[in-house]
Amino acid sequence: MVGDVRGRSVLDVACGTGFYSREFQRRGASDVLGVDISAEMIAAARDIERRDPLGVRHEVGDVTELRPPERRFDVAVGVQCLNYAEDVAAMERMCRNIHRSLVPGGAFFVLAQKPDYRFDCPSLERYGFRCEPTGEETETGPRVRVTALVEPEPITIVTTAPRREVYEDSLRAAGFRAVE
């Protein structure tokens, strides 16, 4: 989806254990920074990087409060990121912070559950995740319990499955123009 990243700088928000960060580095990115709010996930990412160094940097950080970068990135990637916004205002802040972190003309790729996801598809466990509805509804969509099936112990986080219009409106409010 992201295409050729050779020589490009990549910001991986909600990077988790750094799987995609490391893949971008392997594919020739010039600079990769992974940011995640979970100290546990960043510790796991740093441990993986320590065992098999590729040059990926990882930081604990909240995308809703993302500090301005020292330099801007060519590409930002948010894999299961925006769904952690507590409400529409938080999602708009996340999108603004990501937009601000990009060079003019930079691209932001969002990989998330299908907007309006209703848990009626095959299990995601083969991809290393378990997703279960909690039965609660929020401003952005239904609440979801997501478990990353990582070793030595799974990590569980409660999030949402935002509706399509919430994604689109938040991205446009942040300054992203070509939303598809």
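The distance from atom CG of Asp47 to atom CG of Asp52, rounded to the nearest 0.5 Å, is 11.0 Å. To the nearest 0.5 Å, atoms CG (Leu171) and CZ (Arg177) are separated by 11.0 Å. Note that CZ of Arg130 and OG1 of Thr156 are 7.5 Å apart. Values are rounded to the nearest 0.5 Å. How far NE2 of His58 is from CG of Leu33: 8.5 Å, rounded to the nearest 0.5 Å. Atoms OG1 and CD, from Thr17 and Glu151 in turn, are 12.0 Å apart once rounded to the nearest 0.5 Å. Atom CE of Met41 and atom CZ of Phe19 lie 13.5 Å apart (nearest 0.5 Å).
Looking only at side-chain heavy atoms (C-beta outward), Gln80 and Val146 stay at 4.5 Å or farther from each other. Proximity of Cys15 to Val77: side-chain heavy atoms (C-beta onward) are nowhere separated by under 4.5 Å. Between Ser101 and Leu66, the closest side-chain pair of non-hydrogen atoms falls below 4.5 Å. Side chains of Leu149 and Tyr127 form no contact here, defined as non-hydrogen atoms less than 4.5 Å apart. Contact annotation: the side chain of Arg26 approaches that of Glu23 to within less than 4.5 Å [non-hydrogen atoms, C-beta and beyond]. No side-chain heavy atom of Val63 sits under 4.5 Å from any side-chain heavy atom of Ile37. No side-chain heavy atom of Asn97 sits under 4.5 Å from any side-chain heavy atom of Met94. In this structure, Tyr84 and Ile157 have side chains that are in contact, with non-hydrogen atoms separated by less than 4.5 Å.
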Please lay out, stage by stage, how Phe24 and Val2 fare under the test side chain to side chain contact (heavy atoms under 4.5 Å, CB included). CA-CA 9 Å; Phe24 292 126; Val2 175; 4.0 Å; yes
**Prompt:** Would Glu65 and Arg93 satisfy side chain to side chain contact (heavy atoms under 4.5 Å, CB included), going step by step from the backbone distance to the final call?
**Reply:** CA-CA 8 Å; Glu65 306 299 327; Arg93 278 194 314 276; 4.1 Å; yes
Apply side chain to side chain contact (heavy atoms under 4.5 Å, CB included) to the pair Phe176 and Leu102, showing each step before the final yes or no. CA-CA 11 Å; Phe176 291 102; Leu102 291 168; 3.8 Å; yes
With side-chain hydrogen bond (donor to acceptor under 3.5 Å, both in side chains) as the criterion, how do Asp62 and Thr64 come out once you've worked through the C-alpha distance, each side chain's angles and the decisive distance to 0.1 Å?
CA-CA 5 Å; Asp62 182 347; Thr64 59; 2.7 Å; yes
Quick one: do Phe73 and Asp31 satisfy side chain to side chain contact (heavy atoms under 4.5 Å, CB included)? Show the steps, please. CA-CA 9 Å; Phe73 294 85; Asp31 179 37; 3.8 Å; yes
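The two atoms that bring Ser9 and Arg72 nearest to each other are OG-O, 3.9 Å, heavy atoms only. Scanning both residues, Pro68 and Arg100, for their nearest heavy atoms gives N-NH2, 3.5 Å. Contact between Glu92 and Ser170 at its shortest, heavy atoms only, is CG-OG, 3.7 Å. The minimum heavy-atom distance linking Ala14 with Asp36 is given by the pair C-OD2, 3.2 Å. Scanning all heavy atoms of the two residues, the minimum distance from Ile42 to Gly34 falls at CD1-O, 4.2 Å. Contact record, Ala45 with Gly18: CB-N, 4.0 Å, taken as the closest heavy-atom pair.
Between Arg46 and Glu49 there is no salt bridge, since none of the side-chain N atoms of the basic residue sits less than 4.0 Å from a carboxylate O of the acidic one. Electrostatic pairing of Arg163 and Glu137 counts as a salt bridge here, judged by a charged N lying under 4.0 Å from a carboxylate O.
Panel note: side chain Gln25, backbone Ala29; a donor-acceptor pair is recorded below 3.5 Å. A donor-acceptor contact shorter than 3.5 Å links the side chain of Ser30 to the backbone of Arg8. Under the 3.5 Å distance criterion, the side-chain polar atoms of Thr160 are matched with a main-chain donor or acceptor of Asn83. Of the possible polar contacts, none joining the Glu139 side chain to the Asp87 backbone as a donor-acceptor pair under 3.5 Å is found.
Hydrophobic clustering, with ILVMFWY side chains joined whenever heavy atoms are under 4.5 angstrom apart, keeps Val60 apart from Val32. There is a path of hydrophobic side-chain contacts, each under 4.5 Å, that joins Tyr20 to Met1. Val75 is not connected to Val103 by any chain of hydrophobic side-chain contacts under 4.5 Å among Ile, Leu, Val, Met, Phe, Trp and Tyr, and they are in different clusters. Val56 and Phe109 fall within the same hydrophobic cluster, where Ile, Leu, Val, Met, Phe, Trp and Tyr residues are linked whenever their side-chain heavy atoms come under 4.5 Å apart, directly or through other members. In this structure, Val10 is a member of the same hydrophobic cluster as Val79, with clusters built from ILVMFWY side-chain heavy atoms closer than 4.5 Å.
Not less than 6.0 angstrom separates the ring centroid of His99 from the ring centroid of Phe108.
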